[in-house]
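Below is one structure, written out as structure tokens, with a few remarks after it.
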Amino acid sequence: MKSGELIIYNSLSRQKEIFTPIHEGHVGMYVCGPTVYNDVHLGNCRTFISFDIIYRYLTYNGYKVRYVRNITDVGHLLDDGEDRMSKGARLDNLEPMEVAQKYTNGFHDIMRVFNTLSPSIEPRATGHILEQIEMVSEILNNGLAYEKNGSVYFDTLKYAEKTGDYGKLSGRVIEELLSETRDNLKNQDEKNHPSDFAIWMKASDEHIMKWNSPWSVGFPGWHLECSAMSTKYLGKKFDIHGGGNDLKFPHHENEIAQNVGACNCQPANYWLHTNMLLMNGKKMSKSDGNTISPQELFTGASEHVSKGYHPMVVRFFMLQSHYRSTNDLTDDGLQAAEKGFKRIMEAYKSVHSLHSDIGNNAPLDQKIDEIIQGAFDDMNDDFNTPRVLARLFELVTIINSLKEGQMKMSEVSIETLEKIKSTLYTILFEIFGLMDESETNAGPVDGLMQLIIELRQLARTNKDWPTSDKIRDSLSDLNIQIKDGKEGSSWSYK
RNA sequence: GGUCGGGUGGCCGAGCGGCUAGGCAGAGGUCUGCAAAACCUCGUACAGCGGUUCAAAUCCGCUUCCGACCUCCA
């Protein structure tokens, strides 16, 4: 089942490449995490869910994965130069670290309801100031940065001259950057070149978060933390670096420059970028009101949505588009996803009630094998989850046909039936990280429902339609649907 | 203005030279005490105009819309 090579689209080369880890059997993966100065944005969730699936799939394939995802709690500048943490703290009247903790907790809560696995290491920028200072020193020693009034800037011109590839990742050339750069950047006049960027910033007196350094009391530039922490935990060179594609420039571009500047090596072999989550065709944006929080989406407390959607429906919805494509969140799309998700989960349950007497070589076996193999091939092709889902729905049709008697059980062997069960389990739960939301409150309900169904069956046998219909209608009002099949009745939540 | 990515049936969304994507909605049918569910069949789509090719949604060119990045952003 795990045959075939894993192919990954590498943003750096702009093409699909065969994935070969540096150390056989091991994968080092770094993903840029959130800046914890505000509630998590749904867009962040899409990125982290995408990488969660990649993480799970690599693990499924037998790799020992060290997954590092940072928490940015310092160094992000606003337009006016104020640190995001400090600003959040000032507004909420909290300590900066209190703000960071509060939103870190919120972020973790949301990640949990989306059933994403925790990363192996989740380092914070403020916990790695020393490493960052050290990296600034290395870059200075290599002559690729300069100090001005206590701040240190990365010298992009010199770097471009030396390496010839500043802008390689984002497809930019330094001459263009020269003419494009806006003139409202902080400390513009201190820089030798507009595209240079701060790796250490001298702090003003009122700045709250600041540390001692050889150059000034200040704080690290935003791009630096990822360079320093990825190097610390994954080494100078590791396998995969990921993030949203809005980080390509300048963040990732500068990250590469810093790593090369400090130790003369490209940090990651494969750069993966997830595309944006849109809402009604446009990028989510708080200023336009074109935004919805995870909570609002779950509860339905938003004008953009007609009702609330279970986190697993949202996860399934995201799975239906490829991580490199934009994903347009709409109410119609969510409703379609909800129904599709339920259908696939129902089929997963149904398959357990199916039994075959045929040992092997049943007529349907080969076709089913091909579908299953195809699903894994699609996963190997740059994690093509929408295609995998299409295959699973082919399986759903077969399961339902068998269950309802449109296909005969003799057409499928015991062996193949088992294979369907294990494949669905593996892909749905282990790789896609979905959970069956209807099972969360099982308790005595199953037994009770069984009893009710038996009573109703009794009424039906006696042709007592009023009673039988009353049971059905009352349950329906409780959002429980009765399904009368060939082999008796079953039920599910609507 | 620069860089990049797109425009696929009612909606979402794969495919990216020849082979049914899939989901949702809709129509007809089978089953059923009725209904629901399930299953079967159906619509027959690739922005427009040229070009390359035996063959193009898929390659090339132009036109036209849309989006992202270039400034903090997953």
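To find a chain, count down the sequence lines: A is the first, B the second, and so on, and within it residues start at 1.
Contacts of A:Gly333 with the nucleic acid, taken as non-hydrogen atoms under 4.0 Å apart, are absent. Within 4.0 Å of A:Gly243, counting heavy atoms only, lie sugar-phosphate atoms of the nucleic acid but no base atom. A:Gly33 comes within contact range of the sugar-phosphate backbone alone, with a heavy-atom separation under 4.0 Å but no base atom that close. Within 4.0 Å of A:Ser170, counting heavy atoms only, lie sugar-phosphate atoms of the nucleic acid but no base atom. Looking at heavy-atom distances under 4.0 Å, A:Lys282 makes contact with sugar-phosphate atoms alone, never a base. Among the atoms of the strands shown, none is found under 4.0 Å from any heavy atom of A:Ile344.
Using a 4.0 Å cut-off between charged nitrogen and carboxylate oxygen, A:Arg391 and A:Glu370 do not count as a salt-bridge pair. The pair A:Arg315-A:Asp52 meets the salt-bridge criterion, since a charged nitrogen lies less than 4.0 angstrom from a carboxylate oxygen. Ion pair A:Lys483/A:Glu346 flagged as a salt bridge, since at least one NZ, NE, NH1 or NH2 atom sits closer than 4.0 Å to an Asp/Glu carboxylate oxygen. The pair A:Lys470-A:Asp473 does not count as a salt bridge, with every side-chain nitrogen at least 4.0 angstrom from each carboxylate oxygen.
B:A68 is paired with B:U3 under the criterion used here, namely a Watson-Crick or G-U wobble arrangement in which both key atom distances are under 3.5 Å. For B:A38, the paired base is B:U30 (Watson-Crick or G-U wobble, both distances below 3.5 Å). The partner of B:A21, taking Watson-Crick or G-U wobble pairs whose two distances both stay under 3.5 Å, does not exist in any strand shown.
When distances are taken from the side chain of A:Ala336 to each of B:C70, B:G23, B:G67, the shortest belongs to B:G23. Picking from B:G23, B:A74, B:C4 the nucleotide with the shortest atom distance to the side chain of A:Phe48 gives B:A74.
Spacing between B:A55 and B:A36 at atom C1', rounded to whole Å, works out to 47 Å. Separating the P atom of B:G15 from that of B:C59 is a span of 13 Å, rounded to the nearest Å. B:G9 and B:G43 have their C1' atoms separated by 8 Å, given to the nearest Å. Comparing the C1' positions of B:U63 and B:C69 gives an interatomic distance of 24 Å, to the nearest angstrom. Rounded to whole Å, the separation between the C1' atoms of B:C19 and B:U52 comes to 22 Å. B:A25 and B:G67 have their C1' atoms separated by 27 Å, given to the nearest Å. To the nearest whole angstrom, the two P atoms, one in B:G29 and one in B:A68, are 46 Å apart. When the C1' atom is compared between B:C70 and B:C11, the two are found 33 Å apart, to the nearest whole Å.
With hydrogens and angles disregarded, a donor-acceptor distance shorter than 3.5 Å links the side chain of A:Arg456 to the backbone of A:Ser468. Remark: the backbone N or O of A:Ser170 is paired with a side-chain donor or acceptor of A:Glu253 at under 3.5 angstrom.
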Output one line per pair: protein atom, nucleotide atom from nucleotides 14-18 of chain B, and distance, for all N/O pairs under 3.5 Å.
unit_1, atom_1, unit_2, atom_2, d
B:A14, OP1, A:His322, N, 2.6
B:A14, OP1, A:Ser325, OG, 3.2
B:G15, OP1, A:Asn384, ND2, 3.1

Scan nucleotides 25-28 of chain B against the protein and return all N/O pairs shorter than 3.5 Å with their distances rounded to 0.1 Å.
unit_1, atom_1, unit_2, atom_2, d
B:A25, OP1, A:Lys339, NZ, 2.9

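Here A:Asn327 reaches the OP1 or OP2 of B:G13: one of its side-chain N or O atoms lies under 4.0 Å away.
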Checklist outcome for this item: Expected string for nucleotides 32-39 of chain B under the B/S/- scheme (protein heavy atoms, under 4.0 Å, primed atoms plus P, OP1, OP2 as sugar-phosphate) is -BBBBSBS
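Atom NE2 of A:His352 and atom CG of A:Leu417 lie 9.5 Å apart (nearest 0.5 Å).
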